[in-house]
> 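Here you go, one structure.
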Amino acid sequence: MHILSRGLVWVWAVLVLLVGIVHGVDQVGRPDELVFSPQKILAGLNATMFIRLLKETKLVGYIDGSRPERKLTLLVPTNRAMEDAFGYGLGDDTDDTKAADAFAKALDGHGLDDVPAITAALRSLSAGSPREQQLEWALYHIAEGQNGLEELVRSPLLRTKLAAEWTGGKAQVVKAQVDQAHGTLSRHVSFNGADNILPEPVVVGNVTIYLLSSPMSTPPNLINALVQDLSLSLFVAAMGASGTADEIQSTNGVTVLAPVANSFTSLDLVWSYLSLPGDSDARVDLGRLIKSHILKRPVYSDEIPMHTDSSAEVLTVESLNGNMVGLYRTPHGVFVVSELQHSKRNKKAWRGAVYGRLASVADTGSLKVSETDVLLRTGVAHVLGQGLILPPNVDITSHKLLRGMKAHVFANLLERFNLTYVLEDPRASGKHRRFLGSKVTARSSDIPDDGDKDIVGYSLLVPSDKAWRENAAYRELARRDHDELSLEDEENPWRNSTTADIARHLDMLVRLHIIPVVGENVRAARDAEPNPSGGSRLPESQLLLADRKTYPTMLEGVRLRAHEFASDRFSVQLDRTPFYQSPGGVPFISFATVVRSGVARTGAVFELDAALKLPPDDSSPGGWKKLAWNAAVWLTGIGMGTGMLGASGYWVRQWWTRSDYQSL
């Protein structure tokens, strides 16, 4: 037994030596000399191509652990993603190696945290070289600060190490998106659309590492970024049409406030004027409008001050057009305001309120940003969900709106009847006019201004050229002006009228389509919103039509009434005049629908689908003689009918009486 026991012990000893024994422990002892750097962790994550790229671009100092106090966030694509981005020939080009050495030499003596030094070093590289692109790409995947999931939820914009001349020396940004956690699943996070594939980010010292499933390209140039959104296509087209696209794209460090297409088209006649081909004034005005949406430095959403109960701070930035634009935030989003002047009264107004309803043209209102932080190579863009900025040096006049509408006939009639003063600013011309009840009169400048009846502008109801050609009086006048005889118009009721009668009729008709704008407080209107071209803009609310409201006209004693038959769709007709006269009268209709409209500095222009008609007692062909003749015809007809009815009754009675007699 003793010998057997000793044999078993030897067998056990041999088995232990051959197989070994594994013990589980709670903690692993680590020698003090063993230090895990970000580079070793990346090797453990099999992100070897990212390590190789940083080495070849002389950026390995970010991951080698030489600066353990530096706080960074690494956005590391997988090897497969790196292969898709650069292929297998990474760093094989000798010229590229020389470029990396030049970058390192330019950076010599400066740390990798010195943003101006990095900017200058990138500037020293040849533009567009493969190594320069790789350097930009690598720097764009290294962000300042240690950003965990909670930090990304609070501040989703990461400032990277890529800061170059084209951004004005400001760091390029990466946008993070953190989804809400569902049950036991961890939060999902993506960077510029590239998904993080790790359940949780890896933290080593002061460095946080995210492993991405796809590469992140650096932000595209301005045009390429904006055309990806179809709603911004008209803004891009306007840049090209105005000749400002090259200037805007070559400007470094900008913020683009991009209006959507509907903001342009909703301007109606204003946009018709601005988009006129071959019109030099329209091209200049469109260029000024576009450049007023380009700010001279990048402003990201997290840099915009928040409006609170105790603070109403506004970040003011100058645009390429020279006008000042303000930005601020509220719990409802980011808002943009246009500062049109520097008076204390208007500064308080523009800083004050966020308007519930946004106007198409932002005179003093606030425009809400619908999408923030569209990343650009030269800065950032914010999309304006509604409205746009109309700078003070874009002077929209009634004459320009008529050109945009191509209302040649109406413009010619204004000139023919010496009414072109309605296209000018009555406050700037010095020829003050007053509206006395139903009559417009001139007012001498030495008469005291009582401030409640002065005319401060004119709104125009303009029938289209097609509508004028359907007017018999105008056709006859045009025929006589051109000395042409149209066989198709031989039955024109104005054919036998004198030219003076036709001209007087058309003069009254044109005056019927002109609405004087009466200022209730003229002095305040003169001081408000000065314009570099002279005068000032009248409030839009004073110029637009309102439902069931009556308006005076330049035709004495005649007023028009507006009706809103659909949302923002209006019609106009003579006030207190029915569509049809009393039974037995001649049918009478004076009604027109507003097709398009536009707001100018001193009035509005409304395009009508038809010309209004003068009241029934006007001097139409024949005048009072025709009315008298019609009355005589009606009276004669009634008399003759009555006489014939009486005679017929008498004959029937005689016949009936004779039938009762019997012959003897």
Side-chain angles (χ1 to χ4, degrees), residues 222 226 231-232 234-239 241-242 244 247-248 251 254-268 270-271 273-275 282-299 304 314-329 333-342 346-347 349-355 357-372 374 379-396 400 528-533 536-537 539-540 598-601:
L222 189 148
L226 296 184
S231 65
L232 303 179
L234 200 53
F235 178 65
V236 176
M239 283 194 292
S242 62
T244 59
E247 177 186 356
I248 293 173
T251 303
V254 297
T255 297
V256 180
L257 303 174
V260 296
N262 184 61
S263 298
F264 289 99
T265 57
S266 62
L267 296 178
D268 282 352
V270 176
W271 176 242
Y273 158 70
L274 292 174
S275 58
R283 182 183 175 93
V284 170
D285 286 338
L286 181 60
R288 290 171 177 172
L289 185 143
I290 294 299
K291 290 167 67 174
S292 68
H293 292 78
I294 313 298
L295 309 186
K296 288 185 176 180
R297 67 182 182 90
V299 179
I304 299 174
V314 176
L315 177 63
T316 305
V317 186
E318 185 180 2
S319 73
L320 293 183
N321 180 58
N323 57 297
M324 305 302 295
V325 177
L327 301 104
Y328 66 91
R329 285 188 298 157
V334 176
F335 292 87
V336 176
V337 287
S338 175
E339 183 182 15
L340 299 181
Q341 71 169 13
H342 297 278
N346 272 270
K347 207 163 192 178
W350 105 200
R351 284 186 175 181
V354 179
Y355 287 81
R357 183 185 177 199
L358 302 176
S360 295
V361 180
D363 296 300
T364 57
S366 300
L367 304 175
K368 186 176 182 180
V369 174
S370 61
E371 182 182 356
T372 59
V374 178
V380 64
H382 306 294
V383 179
L384 300 178
Q386 183 179 5
L388 48 78
I389 298 171
L390 185 66
N393 60 344
V394 175
D395 186 23
I396 301 297
K400 291 180 178 178
E529 303 176 21
N531 189 284
S533 301
S536 58
R537 291 178 181 165
E540 187 174 329
V599 178
R601 172 161 43 93

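Keep in mind that this is a model prediction, so the values were computed, not measured. FYI, side chains are in, hydrogens and waters are out, and symmetry mates aren't considered; it's all heavy atoms of this structure.
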> Would you call Leu289 and Leu390 a side-chain contact if the rule is heavy atoms closer than 4.5 Å?
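Yes. Closest side-chain heavy atoms under 4.5 Å.
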
> Which pairs, with at least one residue in residues 316-326 and sequence neighbours excluded, count as a salt bridge (Lys or Arg N to Asp or Glu O under 4.0 Å)?
Lys296-Glu318

> With Val317, which residues qualify under side chain to side chain contact (heavy atoms under 4.5 Å, CB included), at least two apart?
Leu295, Arg297, Val299, Leu315, Leu327

> What is the minimum heavy-atom distance between Val270 and Gly598, and which atoms define it?
CG2-CA, 4.2 Å

> Measure the shortest side-chain to side-chain distance between Asp285 and Leu274 over non-hydrogen atoms and say whether it is less than 4.5 angstrom.
yes

> Might you point out which heavy atoms bring Thr372 and His382 nearest each other, and give the distance in Å?
CA-ND1, 3.5 Å

> Report the residues that fulfil side chain to side chain donor-acceptor pair (under 3.5 Å) with Thr251, sequence neighbours left out, ordered by chain and then residue number.
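Once residues adjacent in sequence are excluded, Thr251 has no partner under the side chain to side chain donor-acceptor pair (under 3.5 Å) criterion.
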
> Walk me through whether Met239 and Leu222 qualify under side chain to side chain contact (heavy atoms under 4.5 Å, CB included).
CA-CA 11 Å; Met239 283 194 292; Leu222 189 148; 3.7 Å; yes

> So how far is it from Asn393 CG to Asn321 CG, rounded to the nearest 0.5 Å?
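Nearest 0.5 Å value for the CG-CG distance: 4.0 Å.
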
> Hey, does Val254 have a side-chain heavy atom less than 4.5 Å from the side chain of Ile248?
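SC-SC contact between Ile248 and Val254 ruled out.
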
> Any side-chain to backbone donor/acceptor pair from Arg329 onto Ile304? Under 3.5 Å, distance only.
yes

> Report the residues that fulfil side chain to side chain contact (heavy atoms under 4.5 Å, CB included) with Ala282, sequence neighbours left out, ordered by chain and then residue number.
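Scan of Ala282 (side chain to side chain contact (heavy atoms under 4.5 Å, CB included), adjacent residues dropped) gives Tyr273, Leu276, Asp279.
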
> What heavy-atom pair brings Ser266 and Ser263 nearest, and what distance separates the two atoms?
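So the two residues come closest at OG-O, 3.3 Å.
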
> Go through Leu384 and Val369 one step at a time and tell me if the side chain to side chain contact (heavy atoms under 4.5 Å, CB included) criterion holds.
CA-CA 4 Å; Leu384 300 178; Val369 174; 4.0 Å; yes

> Considering non-hydrogen atoms only, spot the tightest contact between Gly385 and Val260 and give its length.
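Where Gly385 meets Val260 most closely, the heavy atoms are O-CG2, 3.7 Å.
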
> Can you name the residues that form a side chain to side chain contact (heavy atoms under 4.5 Å, CB included) with Asp268, not counting sequence neighbours?
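Once residues adjacent in sequence are excluded, the partners of Asp268 under the side chain to side chain contact (heavy atoms under 4.5 Å, CB included) criterion are Arg596, Ser597.
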
> Can you find a heavy atom in the side chain of Tyr328 that is under 4.5 Å from one in the side chain of Val337?
yes

> Testing the basics here: between Pro259 and Leu232, what is the closest heavy-atom pair and its distance to 0.1 Å?
O-CD2, 3.6 Å

> Under the 3.5 angstrom rule, does the side chain of Lys400 hit a backbone N or O of Ala600 as a donor-acceptor pair?
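A pair under 3.5 Å: no.
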
> Identify the two heavy atoms, one from Val394 and one from Arg288, that lie closest to each other, and give their separation to 0.1 Å.
CG2-CB, 3.6 Å

> How would you list, by chain and number, every residue that makes a side chain to side chain contact (heavy atoms under 4.5 Å, CB included) with Ser242, sequence neighbours excluded?
Thr244, Leu286, Ile290

> Would you call Val256 and Phe235 a side-chain contact if the rule is heavy atoms closer than 4.5 Å?
yes

> Atom NZ of Lys291 and atom CD1 of Ile389: how far apart are they, to the nearest 0.5 Å?
14.5 Å

